[in-house]
**Q** 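Here it is: the structure, laid out below.
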Amino acid sequence: MIWAVAHSNVALVKYWGRAPGPGHQPAGTSVSLTLDGLASGARVEERPAGSADRVGWDPPGPVAELSRFVTLARARLGIGHPLDVLITSNFPVAAGLASSASAYAALTTALAALAPGRPSADGLAALARQGSGSACRSMLGGFVQWRPGADAGAVTQLAPPEHWPLAVLVAVTDAGPKRVPSREGMLRTRATSPFYEAWLTAGGVDLTVVREAVRARDLPALGAATERNALRMHAAALGAEPPLLYWEATTVSVMREVWRLREDGVPAFFTVDAGPQVKVLCEPADADRVERALAGVPGVLRVLRSRPGGAPRTGPEPPSWAAPHASPGPPGDEKGPAA
Ligand code: 2P0
């Protein structure tokens, strides 16, 4: 049995649009920050020859997609024997916190450890992307760039986590599943939003600013570009038919609170993904004050605190936060705990 743990990531320049055609290619280049603390664990164990793969999520998640991924990954990595797979996360799943990114990065890492060969890092990033596009960014720590293309270097580390110890606070405003999955939302935006092409063009400009801001550790420049990139992604999504509104009332209240903090002289900047949560970037010295301000916004359920995190890792033991029952289900339960 092997465990792998990978972290979620937050996009500073968003991936919101696939290029038409096969292969899960993004329409534009995105940049993310891997988040320490928001983690998924993948436990993988061999099953007896002749049995079927058994997959599950704890708490429950989309089993059919996970099953398809395991089939694909086994073929690509040359793993002949059937597998027992369990994915578990220490934060709300399918709620716009990139749980699929950490889940598929963890699973890809665990499967690679069981593979007979030594798959390349580029090959593993390309595989993780088949589970969830943003998962390829969680295959590396720190500040990560993902550009279109399946070739070597499509996913690269711009800077390691220790380059810039930013604080990232996550205001959880709603712990339920999101209404429209990212995949469907992206397709709908591309197919129906008149703002889609403008969004892609604007993203290219933000990319240049964000890369330079990361290099220079310039928070006002990074924050301004990150905030406007998120708002423009949502503007494109709002222009879809039917419209995609991922925000709740509390989401907007938190964004306004971040602007109020800035008026008070605290350099804090938000971003919002395909869900109602708000992620806020600030200097570590301001993190307590920002956390108190976010927690005080009516409707905020809790505030998670994070910072730049590292690459996935493997080991024989479950992570400390994994539920004690995160062990194989009863024999013959082919769908596992998430069925
Ligand atoms: C991102 N998101 O860059 C953007 C911002 C959501 C909003 O990547 O269909 O689950 O598996 O390629 O990776 C979430 O989309 O989508 C995402 P698929 P994924 O983080």
**Q** Is a donor on one side and an acceptor on the other found under 3.5 Å between the side chain of R232 and the backbone of G203?
**A** no
**Q** Show, in sequence, the C-alpha distance, side-chain angles and deciding distance for N9 and S138, and conclude whether the side-chain hydrogen bond (donor to acceptor under 3.5 Å, both in side chains) test is met.
**A** CA-CA 6 Å; N9 67 78; S138 279; 2.9 Å; yes
**Q** For V300 and E257, run side chain to side chain contact (heavy atoms under 4.5 Å, CB included): C-alpha distance rounded to whole Å, both residues' side-chain angles, the deciding distance at 0.1 Å, then the answer.
**A** CA-CA 12 Å; V300 169; E257 181 63 21; over 6 Å; no
**Q** Regarding W16 and T189, is there a side-chain donor-to-acceptor distance under 3.5 Å anywhere?
**A** yes
**Q** Is the shortest heavy-atom distance from the side chain of L77 to the side chain of L114 under 4.5 Å?
**A** no
**Q** Going by heavy atoms in the side chains, are S253 and T251 under 4.5 Å from each other?
**A** no
**Q** Report the C-alpha distance between S100 and S132 in whole Å, list the side-chain angles of each, state the deciding distance to 0.1 Å, and finish with yes or no for side-chain hydrogen bond (donor to acceptor under 3.5 Å, both in side chains).
**A** CA-CA 6 Å; S100 63; S132 166; 3.0 Å; yes
**Q** First locate atom OG1 of T34, then atom CD of Q157, and finally report the distance between them rounded to the nearest 0.5 Å.
**A** 8.0 Å
**Q** Which residue is it: L86, V70, L127? I am looking for the one with a side-chain contact (heavy atoms from CB on, under 4.5 Å) to L107.
**A** V70
**Q** Can you list everything that forms a salt bridge (charged side-chain N to carboxylate O under 4.0 Å, His left out) with E283? Sequence neighbours excluded, please.
**A** none
**Q** To the nearest 0.5 Å, how far apart are CE in M186 and CG in L244?
**A** 11.0 Å
**Q** Taking the side chain as C-beta and beyond, is there a heavy-atom pair between V144 and L33 under 4.5 Å?
**A** no
**Q** Mind checking the OG1-CG spacing from T156 to L140? Nearest 0.5 Å is all I need.
**A** 8.0 Å
**Q** With R292, which residues qualify under side chain to side chain contact (heavy atoms under 4.5 Å, CB included), at least two apart?
**A** D288, R289
**Q** Should L158 and V205 be regarded as members of a common hydrophobic cluster, given that ILVMFWY residues are connected when their side-chain heavy atoms come within less than 4.5 Å of each other, either directly or indirectly?
**A** no
**Q** Y104 side chain to S99 main-chain N or O, any donor-acceptor pair under 3.5 Å?
**A** no
**Q** Find out whether T109 and M139 are in side-chain contact, i.e. whether some heavy atom of one side chain is under 4.5 Å from a heavy atom of the other.
**A** yes
**Q** Would R211 and Q145 count as a side-chain hydrogen bond (donor to acceptor under 3.5 Å, both in side chains) if you check the C-alpha gap in whole Å, the side-chain angles of each, and the deciding distance to 0.1 Å?
**A** CA-CA 9 Å; R211 276 199 303 230; Q145 172 178 286; 2.7 Å; yes
**Q** Start with the C-alpha distance between R256 and V252, add both sets of side-chain angles, then the distance that settles side chain to side chain contact (heavy atoms under 4.5 Å, CB included), and finish with yes or no.
**A** CA-CA 6 Å; R256 290 197 180 283; V252 177; 4.2 Å; yes
**Q** Could you check V210 against L222 for side chain to side chain contact (heavy atoms under 4.5 Å, CB included), going step by step and ending with a plain yes or no?
**A** CA-CA 5 Å; V210 162; L222 179 78; 3.8 Å; yes
**Q** Nearest 0.5 angstrom please: R74 CZ to F69 CZ, how far?
**A** 13.0 Å
**Q** Less than 4.5 Å apart, any side-chain heavy atom of S30 and any of R137?
**A** yes
**Q** Can you sort out the partners of R147 under side chain to side chain donor-acceptor pair (under 3.5 Å), two or more places apart, ordered by chain and number?
**A** D151
**Q** Is any side-chain heavy atom of V254 closer than 4.5 Å to a side-chain heavy atom of F270?
**A** no
**Q** Under the side chain to side chain contact (heavy atoms under 4.5 Å, CB included) rule, collect the residues that match up with A39, sequence neighbours excluded.
**A** V5, H7, N90, W321
**Q** Does the plane of the ring in W247 sit parallel, tilted or perpendicular to the ring in H234? Use 30° and 60° as the thresholds.
**A** tilted
**Q** My understanding is that only residues two or more places apart in sequence, or in another chain, count here; which of them pass ring pair (Phe, Tyr, Trp, His ring centres under 6.0 Å) with F269?
**A** none
**Q** Answer whether the closest heavy-atom distance between the side chains of H81 and I79 falls below 4.5 Å.
**A** yes
**Q** When you measure from the side chain of S89 to the backbone of S40, do you find a donor-acceptor pair of N or O atoms at a distance under 3.5 Å?
**A** no
**Q** Looking at Q277, K279, K14, which one forms a side-chain hydrogen bond (donor to acceptor under 3.5 Å, both in side chains) with T271?
**A** K14
**Q** P165: which residues meet the side chain to side chain contact (heavy atoms under 4.5 Å, CB included) condition with it, sequence neighbours left out?
**A** none
**Q** Does S51 use its side chain to pair, donor to acceptor, with the backbone of R47 at less than 3.5 Å?
**A** no
**Q** Measure the shortest side-chain to side-chain distance between W199 and N229 over non-hydrogen atoms and say whether it is less than 4.5 angstrom.
**A** yes
**Q** Measure the CZ-CG distance between R305 and L169 for me, rounded to the nearest 0.5 Å.
**A** 6.0 Å
**Q** After noting the C-alpha distance and the side-chain angles of W3 and E45, does the key distance pass the side-chain hydrogen bond (donor to acceptor under 3.5 Å, both in side chains) rule?
**A** CA-CA 9 Å; W3 278 91; E45 192 171 19; over 6 Å; no
**Q** About how many Å separate CZ of R54 and OG of S67, when rounded to the nearest 0.5 Å?
**A** 12.5 Å
**Q** Kindly indicate, with the supporting measurements, whether the criterion side chain to side chain contact (heavy atoms under 4.5 Å, CB included) is fulfilled by D264 and W259.
**A** CA-CA 9 Å; D264 286 353; W259 284 342; over 6 Å; no
